[in-house]
Amino acid sequence: MEETKNTNENPVERKPKNFIYEIIDEDNKNDKWGGRVHTRFPPEPNGYLHIGHAKSICLNYGIARDYNGKFNLRFDDTNPEKEEQEYVDSIVEDVKWLGGDFGDRVFYASDYFEQMYQWAVELIKKGKAYVCDLNAEEIRASRGTLTEQGKESAYRNRSVEENLDLLERMRKGEFENGAKTLRAKIDMASPNFNMRDPIMYRIVHADHHRQGKDWCIYPTYDWAHGNEDSIEGITHSICTLEFQNHRPLYDWFLDSLGVYHPQQIEFARLNLSYTVMSKRKLLQLVKENFVDGWDDPRMPTISGYRRRGYTAESIRNFAEIIGVAKRDALTDISLLEFAVRDDLNKNAQRAMAVLKPIKVVLTNYEGEENLEAVNNPENPNAGMRLVPFSKELYIEENDFMENPPKGFHRLIPGGEVRLRYAYIIKCEEVIKDDDGNVVELRCTYDKETKSGTGTSTKKVKGVIHWVSAKDAVDAEVRLYDRLFVVENPGTEEDWLSKINPQSLEIISNAKIEPFIRNAKQQDKFQFERMGYFCVDTKYTTPGKLVFNRTVTLKDSWKK
RNA sequence: AGCCGGGUCGUCUAAUGGCAGGACAACGCCCUUUGGAGGCGUCUGUGUAGGUUCGAAUCCUGCCCCGGCUGCCA
């Protein structure tokens with residue numbers, strides 16, 4: 001996202017990325033906004049941002065960047081009962097991390113409350129709004145149904161003076177929660193429910209995380225949102241499909257006020273297979289401890305992916321890959337995994353780590369030596385490192401099979417395999433405990449086969465990783481799997497029962513080559529043949545390294 | 001049932017009256033001291049029935065299917 005080059009290129013000449021770019025190109029051609037492009041990302045601070053928000057951030061920020069426009073971060077904080085400063089802080093951090101550059105343009109809907117109030121007064125004066133005494137249940141009952149029109153409120157035709165007086169007293173706190181509302185006077189017969197005299201203000205005696213006790217009436221989304229966009233001079237107000245039915249109301253408020261009127265455009269929200277995306281459900285996973293907080297590496301939150309080892313770059317690329325359209329979609333999680341593998345493959349330092357160790361003793365090897373290993377075959381500039389080698393090693397438990405299936409070309413009794421960057425070894429003896437478990441392999445090495453010397457013509461099919469037993473660093477490794485066992489858990493009645501009981505496996509005795517000792521939080525590695533891993537930010541301590549598996553390597557070996 | 005929106009490979013997305021293309025996934029081959037990466041290749045699609053047209057994914061009509069809407073949430 002940070003590239004700003006090619007900004008001289010005329011956007012109209014460029015192939016539009018999606019239907020929203022087409023709209024903007026058209027607007028610019030017609031000089032609709034005087035060439036301005038100004039977008040915004042308007043989260044409510046009632047939870048942490050998830051990957052669906054990332055799509056929206058990339059879209060909105062990307063548009064501003066591509067058209068040399070502006071991008072606002074705006075907190076839509078109109079509901080004091082659900083919003084908290086903790087969420088504000090996390091959102092700021094996540095948007096920045098993703099690369100959504102809002103500069104100093106952080107805004108709060110709550111800062112516009114006075115302006116919105118004045119506009120409400122204007123609407124009353126124009127005869128387009130009224131104070132209604134009906135309670136929630138009465139309003140619901142009078143709204144009608146899908147096929148029947150609603151009934152007009154008995155309070156609909158109060159005088160302007162009475163409405164003005166009542167609204168002022170609502171603001172002063174003279175009435176209980178829910179006792180009165182301010183409603184737009186539109187059309188109780190409209191086939192669109194949103195136009196059946198929607199509520200503009202409700203009475204909520206609650207402390208607001210920023211405004212404290214200043215207000216006890218709060219604007220509803222429909223009343224507030226267009227006002228916010230108008231005040232900020234937004235040109236294209238991009239939101240998700242479920243707001244399509246609200247667009248006539250968005251337009252009605254702004255037209256009735258006669259103020260600056262941005263254009264609302266809707267696109268399909270992201271749904272990802274094997275995950276839930278609703279904030280309500282994510283909140284429940286956190287509150288009821290199904291996961292270890294909002295940034296649990298199994299969560300589809302931005303902070304969860306970050307902690308898991310996803311890069312901002314890979315999430316941006318993912319957003320680019322999936323595109324933007326208006327049809328509902330369930331995006332396969334493999335697209336996201338591809339994006340992160342693609343990035344990490346090019347950039348992650350390689351290391352050898354044995355997750356489930358089994359001891360190998362080289363009966364004909366004495367002494368020790370340091371062997372050269374490539375840090376990143378995709379990047380020659382990453383250089384080389386030295387890996388200690390000695391008589392006693394660990395290899396991966398499942399790189400040895402006593403009774404291998406056809407096509408298995410790793411270590412078997414009497415068979416040979418190459419140790420990556422080292423020698424070819426032969427398994428001479430299998431040592432078992434009383435229960436018949438393999439506990440040690442006695443092997444011989446062929447000193448003519450040292451890696452890189454070209455002194456051997458011997459060829460083996462298999463190459464396995466290893467670590468020197470006395471040099472290895474112990475670490476905890478956390479292996480994650482998808483959080484749900486069904487493709488679309490969000491649509492399941494009993495979605496909590498679809499949680500994958502094996503979504504986390506903790507390995508406490510992994511053995512890693514010694515340079516890993518200096519790894520810092522969030523450092524990313526490819527453990528060769530095992531996958532991509534990063535140092536966990538929550539459980540790593542000075543004395544103990546904890547790694548999260550970001551994603552596996554693609555493994556084409558099938559049993 | 002009323003209104004609004006939407007239906008293109010298994011998945012996501014292009015083609016805006018003129019060769020249905022790309023990516024992911026899958027599969028095969030080549031290469032490989034990561035069963036990774038890379039290279040090459042294969043497979044698979046316009047919901048349906050009509051109409052307009054030299055020509056339709058695209059325009060028109062009917063039907064079918066999917067999503068959203070009856071919060072003082074956003």
Side-chain angles (χ1 to χ4, degrees), chain A residues 15 17-19 22 42-44 46 76 78-79 81-82 132 134-137 139-141 143-150 177-183 190-196 198-204 217-218 220-222 224-225 239-248 266 268 270 273 279-280 318 320-339 341-342 345-346 350 352 373-374 376-378 407-410 418-422 424 449 451-452 459-465 526-532 552-558:
Chain A
K15 183 178 188 283
K17 273 185 192 165
N18 55 56
F19 77 99
E22 288 178 20
E44 183 190 9
N46 66 343
D76 201 5
T78 57
N79 183 355
E81 292 177 315
K82 291 185 175 174
C132 184
L134 262 27
N135 65 31
E137 200 171 319
I139 287 182
R140 194 182 319 122
R143 194 161 7 235
T145 67
L146 292 174
T147 50
E148 304 159 39
Q149 59 187 62
N177 283 1
K180 288 180 169 26
T181 57
L182 182 73
R183 300 176 69 180
S190 172
N192 183 343
F193 275 89
N194 298 122
M195 304 300 273
R196 319 242 267 221
I199 285 155
M200 296 167 60
Y201 279 103
R202 72 279 210 194
I203 299 171
V204 181
I217 57 172
Y218 289 91
T220 55
Y221 169 86
D222 286 307
H225 207 86
C239 61
T240 45
L241 253 28
E242 68 270 28
F243 293 104
Q244 275 174 138
N245 293 343
H246 295 246
R247 186 171 3 106
E266 309 88 12
L270 171 68
S273 62
K279 273 191 186 175
R280 206 202 102 245
F318 170 69
E320 205 67 39
I321 289 166
I322 59 174
V324 175
K326 292 190 75 161
R327 81 191 79 135
D328 290 310
L330 179 60
T331 299
D332 196 308
I333 191 98
S334 68
L335 276 293
L336 214 210
E337 293 178 345
F338 164 77
R341 280 195 193 101
D342 193 46
N345 176 49
K346 290 174 190 135
R350 310 289 130 120
M352 291 197 284
V374 175
N376 184 347
E378 304 295 316
F408 181 88
H409 31 190
R410 282 115 71 179
R418 173 172 288 282
L419 296 179
R420 175 90 158 144
Y421 297 125
I424 291 175
T449 59
S451 184
K459 284 272 180 196
V460 287
K461 273 261 181 76
V463 179
I464 63 174
H465 60 279
Q526 183 197 104
F527 291 164
E528 294 212 24
R529 306 206 306 129
M530 304 308 289
Y532 296 97
T552 57
L553 249 31
K554 208 158 65 172
D555 181 4
S556 62
W557 189 69
K558 300 276 188 302

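Labels below follow one simple rule: chain letters A, B, ... track the order of the sequence lines, proteins then strands, and each chain is numbered from 1.
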Touch class at under 4.0 angstrom, heavy-atom based, for [X] against every strand present:
X: T181(A); answer: base
X: R350(A); answer: base
X: G452(A); answer: base
X: V204(A); answer: nothing
X: R140(A); answer: sugar-phosphate
X: G150(A); answer: nothing
X: I322(A); answer: sugar-phosphate
X: L330(A); answer: sugar-phosphate
X: L134(A); answer: base
X: D222(A); answer: nothing
X: E44(A); answer: sugar-phosphate
X: Y218(A); answer: nothing

Residue matched to C40(B) through Watson-Crick or wobble contacts both under 3.5 angstrom: G28(B)
E137(A) or D342(A), whichever maps to the more 5' nucleotide of RNA chain B: D342(A)
First encountered from the 5' end of RNA chain B, between F408(A) and P42(A): F408(A)
Return the nearest nucleotide to the side chain of [X]; candidates are [options].
X: V463(A); options: G68(B), G35(B), C12(B); result: G35(B)
X: P377(A); options: G5(B), A74(B), U34(B); result: U34(B)
X: D555(A); options: U13(B), U70(B), G35(B); result: G35(B)

Test: R341(A) cationic atom under 6.0 Å from F338(A) six-membered ring centre, within 45° of axis: no
Test applied, side-chain contact (heavy atoms from CB on, under 4.5 Å); reference residue, I322(A); option that passes from D332(A), T331(A), L336(A): T331(A)
Exam field: side chain T181(A) to backbone R183(A), donor-acceptor pair closer than 3.5 Å: no
E266(A) and R247(A) ion-paired at < 4.0 Å: yes
Between the protein and nucleotides 43-48 of chain B, list the N/O to N/O atom pairs that are separated by less than 3.5 angstrom.
none

Side chain Q244(A) and base G67(B) donor-acceptor under 3.5 Å: no
Glycosidic class, syn or anti, of G71(B) using a 90° window around 0: syn
L419(A) CG to I464(A) CD1 distance, which is reported to the nearest 0.5 Å: 5.5 Å
